[in-house]
There are 2 protein chains.
Amino acid sequence: MSHRPFHHGNLRAVLLEQAEAVLRERGIDALSLRELAREAGVSHGAPRSHFVDRKALLDALAERGFVRLADQIREAVSQVPADHARTLHAAASAYLRFAERDPALLDLMFATKADGPPEAVRSAAERLFGVMTGIMDAGVEAGAYDRSDVGRLTLLLSATVQGISTLVTSRRITVSQGETLIDDAISVFLRGVSAERHG
Amino acid sequence: MSHRPFHHGNLRAVLLEQAEAVLRERGIDALSLRELAREAGVSHGAPRSHFVDRKALLDALAERGFVRLADQIREAVSQVPADHARTLHAAASAYLRFAERDPALLDLMFATKADGPPEAVRSAAERLFGVMTGIMDAGVEAGAYDRSDVGRLTLLLSATVQGISTLVTSRRITVSQGETLIDDAISVFLRGVSAERHG
DNA sequence: TACTGAAAGTAGACGTTGACTAGTTTCTAG
DNA sequence: CTAGAAACTAGTCAACGTCTACTTTCAGTA
């Protein structure tokens, strides 16, 4: 009869994955260190070896969220012809899909923090912003923007997509309204930028 | 010696105001029904007469937040000349100021809810949306939009401003970057919409 | 005015949680 | 082989949300 080993061997990863599932299925309020420990079959103090406190776990979740979102956007963009408008659409749609699947996680990623996000989260968020910047850089190659405008325009596009996602996750609008909104946003964005340059 | 009266007389209002202060100064995690009761000088069970549970208090806070935000936007808009671009700017700036002053409350207002927001919150949110729609309607009068586009364009503008606010409250960008972003957003928005019509 | 039911508040209890501490087992590097 | 670090256990504590039974006050009506 195999006694379970003293060392779980994998605890940190298991806790994070269970936590993501709980977040997805029951929201952040249902996320308890003790419950995670129970379901992982370890004592209630065990998570402490990997996360100093609950906030540390939440930060790790947010960090992973940013990394995953960035990857999913990159992935989505890579599977679309090299047309800038379609690229924007692919990126924004991937963002919205993420929001749809993990609303509580997205909340967590952009939650207000007293002294700003911890370094690990900040850098993961920058990774996402880096992906967005890459997409906009491609737009420069395609002649859609001036290089000097990429910074502010990336920010504007990111904010818009984030705002649309928020409206969806907070149930202010439906998913399909969200999809329509993305079309509108990209259309207005591209025309607006173009008009700013040649107007 | 005046014994404090059995009936507080004002408890609900006092709890809400204290709660807003706590939210503003220490964030949502620091918001405890028992602490609110203590500071109001009532027993720990007293709040239950006015809010069935903690969630009910949070919902009431979100509701008031929407009402206040809507009022502040209307107020800001009213104090600006009847130029549409400047009106948009006044509205967006008021929104951002609200976010800046009450980041945790804004989070709460747009937090993910399992089954969507309760009716009271939903209707307060619609009040905000109503104010935004009114602003856009004025844009129709001024010839900036087709009447048939007001719905989607109001949504787009609201999402964009909300997204910018989120970037600021989550400390992804500074307040002054947020202000610049608002300028960019409105500029691109107006030109983009105009180009869509006459392009 | 006295009465009565509803509303508002009290007091105590319960289970759960996050956090802390001290001690134990396992791993790992020298 | 051994020492020290890392991982985990077990027990404790205060705080919280919630629930229940009870008491005080208020407001409307007979």
Side-chain angles (χ1 to χ4, degrees), chain A residues 1-23 25-62 104 108 111-115 118 120-121, chain B residues 1-23 25-62 104 108 111 113-115 118 120:
Chain A
M1 43 215 75
S2 63
H3 294 77
R4 50 191 50 163
F6 186 86
H7 272 44
H8 184 286
N10 213 14
L11 226 206
R12 192 187 141 96
V14 166
L15 289 175
L16 284 170
E17 248 175 79
Q18 280 181 359
E20 282 177 5
V22 171
L23 208 52
E25 288 154 23
R26 293 186 284 140
I28 194 169
D29 290 340
L31 200 56
S32 141
L33 287 177
R34 287 177 104 110
E35 182 185 315
L36 291 178
R38 279 193 300 269
E39 293 198 0
V42 294
S43 75
H44 67 262
R48 205 173 208 293
S49 300
H50 304 279
F51 306 102
V52 267
D53 58 16
R54 194 182 122 106
K55 218 181 86 35
L57 171 67
L58 298 184
D59 287 340
L61 288 173
L108 183 59
T112 296
K113 303 275 182 40
D115 328 285
V121 175
Chain B
M1 45 207 73
S2 64
H3 294 75
R4 52 191 49 166
F6 186 87
H7 272 43
H8 184 286
N10 213 11
L11 227 206
R12 192 187 141 96
V14 167
L15 290 176
L16 283 170
E17 249 175 77
Q18 281 182 358
E20 283 177 4
V22 171
L23 209 51
E25 289 154 23
R26 292 186 285 140
I28 195 170
D29 289 340
L31 199 55
S32 140
L33 287 177
R34 288 176 103 110
E35 182 185 314
L36 291 178
R38 278 193 301 269
E39 294 197 1
V42 294
S43 74
H44 69 265
R48 204 170 211 291
S49 300
H50 304 280
F51 306 102
V52 267
D53 57 16
R54 195 182 121 106
K55 215 180 91 34
L57 170 67
L58 297 184
D59 286 340
L61 288 172
L108 184 58
K113 303 273 182 40
D115 327 286

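Computed from a predicted model, the values in this text were never measured in an experiment. Lettering follows sequence order; numbering is per chain, from 1.
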Closest non-hydrogen atom pair between Phe51(A) and Ala60(A), with its separation: CE2-CB, 3.8 Å

Closest heavy-atom pair and its distance - Leu16(A), Leu57(A): CD2-CD1, 3.8 Å

Using salt bridge (charged side-chain N to carboxylate O under 4.0 Å, His left out) as the criterion, list what pairs up with Glu17(B), not counting sequence neighbours. none

What pairs of donor and acceptor atoms, side-chain ones from residues 32-46 of chain B against any protein atom, are under 3.5 angstrom apart with sequence neighbours left out?
{"residue": "Ser32(B)", "atom": "OG", "partner": "Arg34(B)", "partner atom": "N", "Å": "3.2"}
{"residue": "Ser32(B)", "atom": "OG", "partner": "Glu35(B)", "partner atom": "N", "Å": "3.0"}
{"residue": "Glu35(B)", "atom": "OE2", "partner": "Arg26(B)", "partner atom": "NH2", "Å": "2.4"}

Can you check the [X] [atom1] to [N] [atom2] distance for me, whole Å?
{"X": "Asp29(A)", "N": "dT16(C)", "atom1": "CG", "atom2": "C1'", "answer": "14 Å"}
{"X": "Glu35(B)", "N": "dA14(D)", "atom1": "CD", "atom2": "P", "answer": "18 Å"}
{"X": "Leu15(A)", "N": "dA7(D)", "atom1": "CG", "atom2": "P", "answer": "12 Å"}
{"X": "Leu33(A)", "N": "dA7(D)", "atom1": "CG", "atom2": "P", "answer": "17 Å"}
{"X": "Asn10(B)", "N": "dA8(C)", "atom1": "CG", "atom2": "P", "answer": "12 Å"}
{"X": "Arg12(A)", "N": "dC8(D)", "atom1": "CZ", "atom2": "P", "answer": "12 Å"}
{"X": "Phe51(A)", "N": "dC8(D)", "atom1": "CZ", "atom2": "C1'", "answer": "15 Å"}
{"X": "Leu36(A)", "N": "dT17(C)", "atom1": "CG", "atom2": "P", "answer": "10 Å"}

Within the pair Ser43(B) and dT10(C), is there a side-chain N or O less than 4.0 Å away from OP1 or OP2? yes

With respect to the phosphate group of dG9(C), does any side-chain polar atom (N or O) of Arg48(B) fall under 4.0 Å of OP1 or OP2? no

Taking the minimum atom-to-atom distance to the side chain of [X], which one of [options] wins?
{"X": "Arg54(B)", "options": "dT10(C), dT18(D), dA19(C)", "answer": "dT18(D)"}
{"X": "Asp53(B)", "options": "dT17(C), dT18(D), dC8(D)", "answer": "dT18(D)"}
{"X": "Arg34(B)", "options": "dG17(D), dT10(C), dA19(C)", "answer": "dG17(D)"}
{"X": "His44(A)", "options": "dG9(C), dC8(D), dC20(C)", "answer": "dC20(C)"}
{"X": "Ala46(B)", "options": "dA7(D), dT10(C), dT21(C)", "answer": "dT10(C)"}

Looking at every strand, decide which applies to Ser32(B) at a 4.0 Å heavy-atom threshold: base, sugar-phosphate, or nothing. sugar-phosphate

Looking for any heavy atom pair under 4.0 Å, which part of the strands does Arg38(B) touch: base, sugar-phosphate only, or nothing? sugar-phosphate

Step through the shown structure and confirm whether more than 12 heavy atoms of other residues, nucleotides or ligands are within 6.0 Å of CG on Asn10(A). yes

For His50(B) and Val52(A), take the nucleotide of DNA chain C holding the closest heavy atom to each; which residue's nucleotide lies nearer the 5' end? His50(B)

